[in-house]
Amino acid sequence: MKRLVLIDGSSYLYRAFHALPPLSNAAGEPTGALFGVVNMLRAHLKERPDFAAFVVDAPGKTFRDDLYPQYKANRPPMPDDLRAQMQPMCEIVQALGFPILRMEGVEADDVIGTLALQAAAQGIDVTISTGDKDFAQLVRPGVALVNTMSGSRLDSDQTVFDKFGVHPNQVIDLLALMGDAVDNVPGVEKCGPKTAAKWLAEYGSLDGVLAHASEIKGKIGDNLRAAAERLPLNRALVTIKTDVELGGGPESLVLRERDVDSLRTLFARYGFNQALKELDGAAPAQAAGKAGGKVAAAPAAAADLDPALSAPGVYETVLLPAQLEAWIERLRAADEFAFDCETDNIDPMQANLVGLSFCVEPGTAAYLPLGHDYPGAPEQLDRAQTLAALAPLFADPAKKKLGQHGKYDLHVLRRLGLKVGNYADDTLLESFVLTSGISRHDLDSLAMRYLGYGTVKYEDVAGKGSKSIPFSAVSIEDATRYAAEDADVTLRVHRVLAPKLAAEAGLTFVYREIEMPLVPVLERVEANGVMIDANELRRQSADLSKRMLAAQQKATELVGRAVNLDSPKQLGALLYDELKLPALVKTPSGQPSTNEEALEAIADQHELPRTILEYRALAKLRSTYTDKLADNVNPQTGRVHTSYHQAGAATGRIASSEPNLQNIPIRTEDGRRIRRAFVAPPGRKLVACDYSQIELRIMAHLSEDAGLLRAFEAGTDIHRATAAEVFGRKLDEVTANERRAAKAINFGLMYGMSAFGLARQLSIPRGEAQDYIALYFSRYPGVRDFMERTRQQAREQGYVETVFGRRLHLDYIQKGTAAQRASAERAAINAPMQGTAADIIKRAMVSIDAWLADHRDRALMILQVHDELVFETEAGFVDTLLAEAGKRMSAAAELRVPLVVDSGVGDNWDEAH
DNA sequence: GTCGATACGTAC
DNA sequence: GACGTACGTATCGACG
């Protein structure tokens with residue numbers, strides 16, 4: 001059977017424009033709506049229809065304007081950013097091979113309706129792709145409706161009835177009763193889909209409802225009778241015409257061969273990297289078998305899962321050449337495969353490969369042992385030969401690869417000389433994007449949550465703690481159970497999560513365009529590592545030790561006996577019980593605290609608190625930094641390779657560990673010295689680029705507050721500008737103390753701080769802090785409204801969003817205790833700003849990495865610290881790098897304020913600031 | 001010995 | 001109760 005796809009271009013363009021972030025390409029041209037439309041079209045192309053058309057509205061009046069002059073009268077003009085995308089959209093649609101239809105005097109809907117019925121009459125299977133629910137009136141055998149943005153599909157009387165509560169032939173009457181605010185067609189007042197469906201169920205049709213109008217009681221009955229006269233007109237307006245005179249029939253809508261050269265130029269110009277990669281990755285996927293089927297979102301509960309996804313797996317151990325060949329054949333035939341590396345070390349920069357697992361179809365997986373070494377271990381395939389045989393599959397850009405936390409595997413394979421081209425999906429990141437804030441993203445949790453499946457745990461086969469054995473000593477039988485299952489479960493979880501993600505345009509953007517492209521970039525940043533001057537650290541450790549000893553002796557002298565300055569418990573007993581100093585601060589558990597704030601408060605009453613503070617500052621630096629950093633130098637590379645956790649922070653920020661290089665001291669002189677040990681090798685330099693006040697700029701963007709926008713536009717020192725507003729000064733009359741207070745307000749507000757907190761921070765009376773905040777909000781009313789909106793959204797939806805559509809779910813915003821709810825509200829206020837900043841720097845990293853691809857021998861990205869990127873570069877490349885990195889960081893988002901980047905150069909990280 | 005909870009402090 | 005997001009170190013008590 002032949003297939004025809006009719007695409008409602010106008011509807012998608014508007015919906016994509018509003019659903020997607022305000023994206024732009026490097027040249028600053030808006031691209032958000034384009035992006036949505038291009039992805040939608042690519043999805044349809046994968047299904048290989050015989051005929052297709054992209055239908056758009058023509059400018060000018062239509063017959064509906066003649067029927068009803070106010071038709072669409074209150075519609076605002078097309079936004080400039082959308083209008084600018086019309087021309088490029090047509091170019092891309094053309095280049096993809098779609099015929100474009102545009103007809104005057106009727107709307108796109110009518111053209112689609114006419115073609116749909118003509119085609120159905122000729123026995124052609126029709127799919128109408130639209131975001132407009134009005135098309136449900138056309139659903140019948142041979143005519144189906146899909147919305148690629150929501151993932152919904154209406155293809156039968158039943159599916160329409162499930163959605164609207166009426167049959168397709170009643171949809172027109174339903175719409176006539178409800179009216180359409182967007183098109184300025186008033187229906188029956190207070191009559192929504194439920195009431196309209198109820199009436200139609202009872203009286204059959206609009207005529208039936210009107211005939212019985214006098215029987216309907218109450219206010220809504222009055223409303224119906226009041227609207228009765230205009231309802232036939234409504235019906236005429238919402239009826240999609242199916243008898244438009246067209247130049248040609250559906251058989252003329254042949255899909256042309258795509259114009260690869262034009263597409264490459266267009267995709268590159270608008271920054272559609274995924275599309276570009278697919279274009280250059282040889283043949284597009286021939287997904288005929290999988291298309292058409294289930295588009296609907298997958299079920300959430302394990303109970304009503306596709307049984308194929310929870311059936312037990314059959315796992316094969318690959319020990320013979322023939323088995324390997326058979327599996328290579330399977331992988332070759334597949335569109336995408338899941339894989340997983342087993343190693344002897346959790347640090348991927350040191351791990352040795354022990355085995356590999358693969359899965360192509362749920363339930364069928366293989367474990368390929370390559371390095372098991374224990375008494376009685378069977379002979380395994382030759383590692384080098386086997387990897388050489390697998391290398392082309394991993395490298396093939398047309399072959400999609402899937403994993404759970406694949407950054408780890410990318411490291412292991414890279415160190416073995418294998419390239420992974422097109423690492424396309426990662427269940428860790430799918431889960432992170434879908435459920436950030438409410439669930440864990442490790443494979444065991446995902447298997448339980450989405451498959452109702454308890455996996456074999458690592459500890460089950462390798463033991464844990466001191467009794468654990470390296471994976472190479474695990475029996476190959478146990479290893480197969482564990483490892484093949486990992487690949488199998490990864491694929492199964494992906495099959496559940498992918499459709500959930502596909503049904504959310506904003507989340508799909510975050511996943512496809514931010515998180516997945518970042519995986520290989522982060523892998524490179526980690527692999528690059530940073531050079532550490534271990535001798536410098538040793539000198540600093542010795543100096544700190546000397547001063548710690550002095551503080552210790554001083555404390556002993558003051559107390560008259562030895563005291564353990566490392567034990568808060570003992571210090572509390574000493575200060576508050578023995579010395580009877582006042583305990584002014586309590587820990588969360590209610591004990592008297594010995595933290596910095598508590599000690600500062602009593603420092604004028606006794607010498608000991610100051611001595612403890614001195615000791616603590618030194619001990620922190622030595623134990624956490626100067627002693628420890630050198631332990632993290634990789635013996636093979638001689639450098640420190642932190643590990644970045646892409647799904648580490650619920651807001652979207654990246655976290656760093658082992659060691660954490662995102663909390664290296666900078667505020668005190670002693671602390672800052674540690675940065676001198678982060679060095680460039682001879683002949684090279686460190687370059688640091690950081691966003692200036694990025695989160696406050698995002699607050700200005702989100703709140704659209706005129707005063708804040710103006711201050712950033714003018715380039716004034718934002719804390720000074722705030723102080724001038726709040727304290728009623730001219731800019732140059734602001735005192736240092738006023739600026740300090742304004743800075744505390746600016747930061748405090750972004751964290752949801754209260755007057756109580758501000759008072760404590762500034763050591764001022766609470767009433768005064770309250771006055772500052774009130775004054776702030778009266779000067780920046782947009783900020784107050786934005787914060788209230790954000791709280792409201794969080795309470796109603798249970799989540800908040802970044803500019804790019806990333807979501808943070810707040811579990812306790814509705815159900816928690818008062819304290820938990822208040823805490824969730826503060827998190828809700830902070831997340832859009834912190835999260836948007838994270839989105840922006842992630843995009844910048846991807847962009848800069850793409851540029852650096854041609855200069856890997858000259859410059860490396862080596863660190864990310866939330867709003868800062870650090871590079872190591874040849875001295876002769878510094879200027880080029882500064883210009884290009886700064887440009888790409890600034891262009892990573894198009895906000896209502898400029899994104900300013902500061903940068904510095906030096907022989908070490910301290911100098912580079 | 002190992003593990004988890006608690007307290008504290010570093011970064012943005 | 002009161003300022004958001006992380007990670008690491010040290011202590012201390014429970015557990016075996």
Side-chain angles (χ1 to χ4, degrees), chain A residues 436-437 464-468 564-572 585-599 612-613 615-625 627-629 631-632 642-645 647-668 670-672 674-675 690-691 693-696 699 744-762 766 769 790 800 808 810 817-835 837-838 841 863-868:
Chain A
S436 190
K464 61 173 183 171
S466 59
K467 288 182 290 292
S468 72
N564 183 356
L565 295 175
D566 286 320
S567 169
K569 198 181 165 190
Q570 293 176 34
L571 286 179
V585 183
K586 298 222 180 308
T587 68
S589 68
Q591 295 304 304
S593 172
T594 67
N595 69 11
E596 181 175 358
E597 188 190 354
L599 297 180
I612 298 170
L613 286 170
Y615 174 85
R616 284 242 181 98
L618 302 168
K620 177 77 178 182
L621 294 178
R622 201 190 71 174
S623 68
T624 310
Y625 302 105
D627 276 1
K628 288 282 151 50
L629 276 173
D631 297 346
N632 289 104
T642 183
S643 172
Y644 286 111
H645 308 281
T651 53
R653 265 197 189 174
I654 295 170
S656 152
S657 67
E658 286 172 291
N660 181 357
L661 296 185
Q662 291 180 323
N663 71 345
I664 304 301
I666 191 168
R667 288 169 193 182
T668 66
D670 278 333
R672 182 183 279 261
I674 293 166
R675 294 187 173 224
D690 70 287
Y691 284 110
Q693 306 292 5
I694 187 166
E695 292 191 15
L696 281 170
M699 185 163 88
I745 297 173
N746 276 333
F747 281 114
L749 282 171
M750 283 196 303
Y751 299 149
M753 189 164 65
S754 63
F756 179 94
L758 183 64
R760 206 173 65 162
Q761 167 86 25
L762 292 176
R766 199 162 142 185
T790 306
V800 289
L808 168 63
L810 299 146
T817 65
Q820 285 173 323
R821 290 200 307 274
S823 168
E825 282 190 10
R826 293 193 296 273
I829 283 186
N830 179 253
M833 294 175 270
Q834 189 180 122
I841 197 165
L863 294 172
Q864 192 258 35
V865 194
H866 308 311
D867 65 354
E868 173 184 6

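Below, read A as the first sequence line, B as the second, and so on, with proteins coming before strands; counting in each chain starts at 1. Values below: all heavy atoms of this structure, side chains included; hydrogens, waters and symmetry mates excluded.
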Select base, sugar-phosphate, or nothing to describe what [X] touches, counting heavy atoms under 4.0 Å on all strands.
{"X": "A827(A)", "value": "sugar-phosphate"}
{"X": "E868(A)", "value": "nothing"}
{"X": "I666(A)", "value": "sugar-phosphate"}
{"X": "T594(A)", "value": "sugar-phosphate"}
{"X": "E658(A)", "value": "sugar-phosphate"}
{"X": "A837(A)", "value": "nothing"}

Let me know the distance between [atom1] of [X] and [atom2] of [N], rounded to the nearest Å.
{"X": "N830(A)", "N": "dA6(C)", "atom1": "CG", "atom2": "C1'", "value": "12 Å"}
{"X": "M753(A)", "N": "dG4(C)", "atom1": "CE", "atom2": "P", "value": "10 Å"}
{"X": "K586(A)", "N": "dT6(B)", "atom1": "NZ", "atom2": "P", "value": "17 Å"}
{"X": "E695(A)", "N": "dA11(B)", "atom1": "CD", "atom2": "P", "value": "16 Å"}
{"X": "I612(A)", "N": "dG9(B)", "atom1": "CD1", "atom2": "C1'", "value": "15 Å"}
{"X": "N632(A)", "N": "dC7(C)", "atom1": "CG", "atom2": "C1'", "value": "12 Å"}
{"X": "K628(A)", "N": "dT10(B)", "atom1": "NZ", "atom2": "P", "value": "16 Å"}
{"X": "E597(A)", "N": "dA7(B)", "atom1": "CD", "atom2": "C1'", "value": "14 Å"}

Looking at [X], I'd like to know whether one of its side-chain N or O atoms comes within less than 4.0 Å of OP1 or OP2 on [N].
{"X": "S823(A)", "N": "dA2(C)", "result": "no"}
{"X": "R826(A)", "N": "dG4(C)", "result": "yes"}
{"X": "S567(A)", "N": "dC12(C)", "result": "yes"}
{"X": "S657(A)", "N": "dA6(C)", "result": "no"}
{"X": "Q570(A)", "N": "dC12(C)", "result": "yes"}

5′-ward residue of the pair Q834(A)/A819(A) relative to DNA chain C: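 Whichever sits nearer the 5' end wins; that is A819(A).
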Donor-acceptor pair, [X] side chain versus [Y] backbone, under 3.5 Å?
{"X": "Q662(A)", "Y": "S656(A)", "answer": "yes"}
{"X": "T817(A)", "Y": "Q820(A)", "answer": "yes"}
{"X": "T594(A)", "Y": "L571(A)", "answer": "no"}
{"X": "S436(A)", "Y": "L808(A)", "answer": "no"}
{"X": "E825(A)", "Y": "A822(A)", "answer": "no"}
{"X": "Y691(A)", "Y": "I841(A)", "answer": "no"}
{"X": "S823(A)", "Y": "A819(A)", "answer": "no"}
{"X": "S593(A)", "Y": "N595(A)", "answer": "yes"}
{"X": "N830(A)", "Y": "M750(A)", "answer": "yes"}

Residue [X], side-chain heavy atoms: nucleotide from [options] that is nearest:
{"X": "R675(A)", "options": "dA10(C), dA11(B), dG9(B)", "result": "dA11(B)"}
{"X": "R667(A)", "options": "dC7(C), dA11(B), dT9(C)", "result": "dA11(B)"}
{"X": "N660(A)", "options": "dA2(C), dC7(C), dC8(B)", "result": "dC7(C)"}
{"X": "D867(A)", "options": "dC12(B), dT6(B), dC8(B)", "result": "dC12(B)"}

Roughly how far, to the nearest 0.5 Å, is the [atom2] atom of [Y] from the [atom1] atom of [X]?
{"X": "I666(A)", "Y": "E868(A)", "atom1": "CD1", "atom2": "CD", "answer": "7.0 Å"}
{"X": "I829(A)", "Y": "L749(A)", "atom1": "CD1", "atom2": "CG", "answer": "8.5 Å"}
{"X": "L696(A)", "Y": "F747(A)", "atom1": "CG", "atom2": "CZ", "answer": "5.5 Å"}

Secondary structure of DNA chain C in dot-bracket form (Watson-Crick or G-U wobble, distances below 3.5 Å, | marking inter-strand pairs): ...||||||||||||.
Electrostatic pair R653(A):E695(A) at N-O distance under 4.0 angstrom: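 Result for this pair is yes, salt bridge flagged.
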Listed pairs, N/O of protein and of nucleotides 13-16 of chain C, under 3.5 Å:
unit_1  : atom_1 : unit_2  : atom_2 : d
dG13(C) : OP1    : K569(A) : NZ     : 2.8

P atoms of dC8(B) and dA2(C), separation to the nearest Å: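 Result for the P pair: 15 Å, nearest Å.
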R766(A)/S754(A) under side-chain hydrogen bond (donor to acceptor under 3.5 Å, both in side chains): CA gap, chis, key distance, verdict: CA-CA 10 Å; R766(A) 199 162 142 185; S754(A) 63; over 6 Å; no
Contact residues, residues 615-625 of chain A to DNA chain B [heavy atom, < 4.0 Å]: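 R616(A), K620(A), Y625(A), in order of number.
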